[in-house]
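The structure appears right after this line, and notes come after that.
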Amino acid sequence: MIYTKDEAQVEFTRWSKSYDRSILQTLLFGPSRKALLNQIRGLKMESPKVLDIGCGTGQFPEVLFHEVPGAKVWGLDLVRGMLEGGNGRWNHYTDRIQPVQGDSERLPFADGSFDILTCANSFHHYPNQALAVREMCRVLRPGGALMLLDGYRDGLWGRFIFDVCVAGVEGNVHHASAKEIKGMMMDAGFGSVDQFRHRGPAPFLLSLARTPQRKMPRPHLMDRSDSVSRSTISQ
Ligand SMILES: C[S@@+](CC[C@H](N)C(=O)[O-])C[C@H]1O[C@@H](n2cnc3c(N)ncnc32)[C@H](O)[C@@H]1O
């Protein structure tokens, strides 16, 4: 059994009212935002178009509004209640940040729409993570940057925190290993992947992937009929 989108709807609709006051803001979400912001600053992109996937109540879009001059930011989340929890933000900064209700596995944007994608503390909720990563690669422009951050569950402490404690509260969520995440990124067509581990009571892993300057066609697995017809042709 894997965690479903219906479960995400229930969990986050319930959590939306108190989300911004959660103790996890101090332990995990705040430090995550800081790590992402540092990376974005390091890219030195001018007025980047950014999509924050699984943005919750829009705290990170608000940070970008203040800290990255000229950035235009879209915040996407599956759960309407979470977006509505940030209404004060979206309404206050209407010119440069905007909320979108949608699913990470079917992003409602054209190919190559963004310079930067961020996704923090949300990935473990996706039933089809490989599909979400392919969507991320699709909506990034050539040379664009994906910053995917989630609980670091490799090692004993990470397993205890994420596979035991967090899974005990959230259900069958999946914190992918560093190796799994890198594999999904390379399979999706990203050209390079670097990973950084952040220590702390709630350790997290930041995976940074870049799309090639020219997007290559994604390798696809041949199904049986395809391979039969190919071998027939070559005979
Ligand atoms: C723990 S919150 C993280 C919010 C924010 N990124 C942060 O770090 O504060 C996880 C968010 O992922 C969203 N989410 C879960 N499944 C999703 C999906 N399939 N597509 C988009 N968002 C999803 C939830 O609604 C929730 O707002």
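Just so you know, ligand 1 is whichever comes first in the structure, and atom 1 is the first atom listed for that ligand. Not measured: the values here are computed from a predicted model. Heads up: numbering here begins at 1 and tracks the sequence.
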Would you give the length of the straight line joining atom CG of Leu51 to atom OG1 of Thr118, rounded to the nearest 0.5 angstrom? 7.0 Å
Does the gap between the ring centers of His125 and Phe12 come in under 6.0 Å? yes
Check: Gly54 N/O within less than 3.5 Å of ligand 1 N/O: yes
Decide whether an N or O pair under 3.5 Å exists between Lys5 and ligand 1. no
Please classify the Tyr19 to ligand 1 contact at 4.0 Å (heavy-atom distances, strictly less than): side chain, backbone, both or neither. side chain
What part of Ser32, side chain from CB on, backbone N/CA/C/O, both or neither, has a heavy atom under 4.0 Å from ligand 1? neither
Contact atoms of ligand 1, heavy-atom distance to Gly56 under 4.0 Å: 4 (C), 27 (O)
Run the salt-bridge test on Asp111 and Arg138 with the 4.0 Å N-O cut-off and return the result as yes or no. yes
Measure the distances from the heavy atoms of Gly102 to every atom of ligand 1 and state whether one is below 4.0 angstrom. yes
Is the closest heavy atom of Gln25 to ligand 1 under 4.0 Å? no
Show me the donor-acceptor pairs within less than 3.5 Å that the side chains of residues 195-205 make with the rest of the protein, sequence neighbours left out.
{"residue": "Gln195", "atom": "NE2", "partner": "Ala178", "partner atom": "O", "Å": "3.1"}
{"residue": "Gln195", "atom": "NE2", "partner": "Ser207", "partner atom": "OG", "Å": "3.0"}

List the closest protein heavy-atom neighbour of [atom]: residue, atom name, distance to the nearest 0.1 Å.
atom	value
atom 22 (N) of ligand 1	Leu78 N, 3.3 Å
atom 12 (O) of ligand 1	Ser122 OG, 2.7 Å
atom 20 (N) of ligand 1	Ser104 N, 3.0 Å

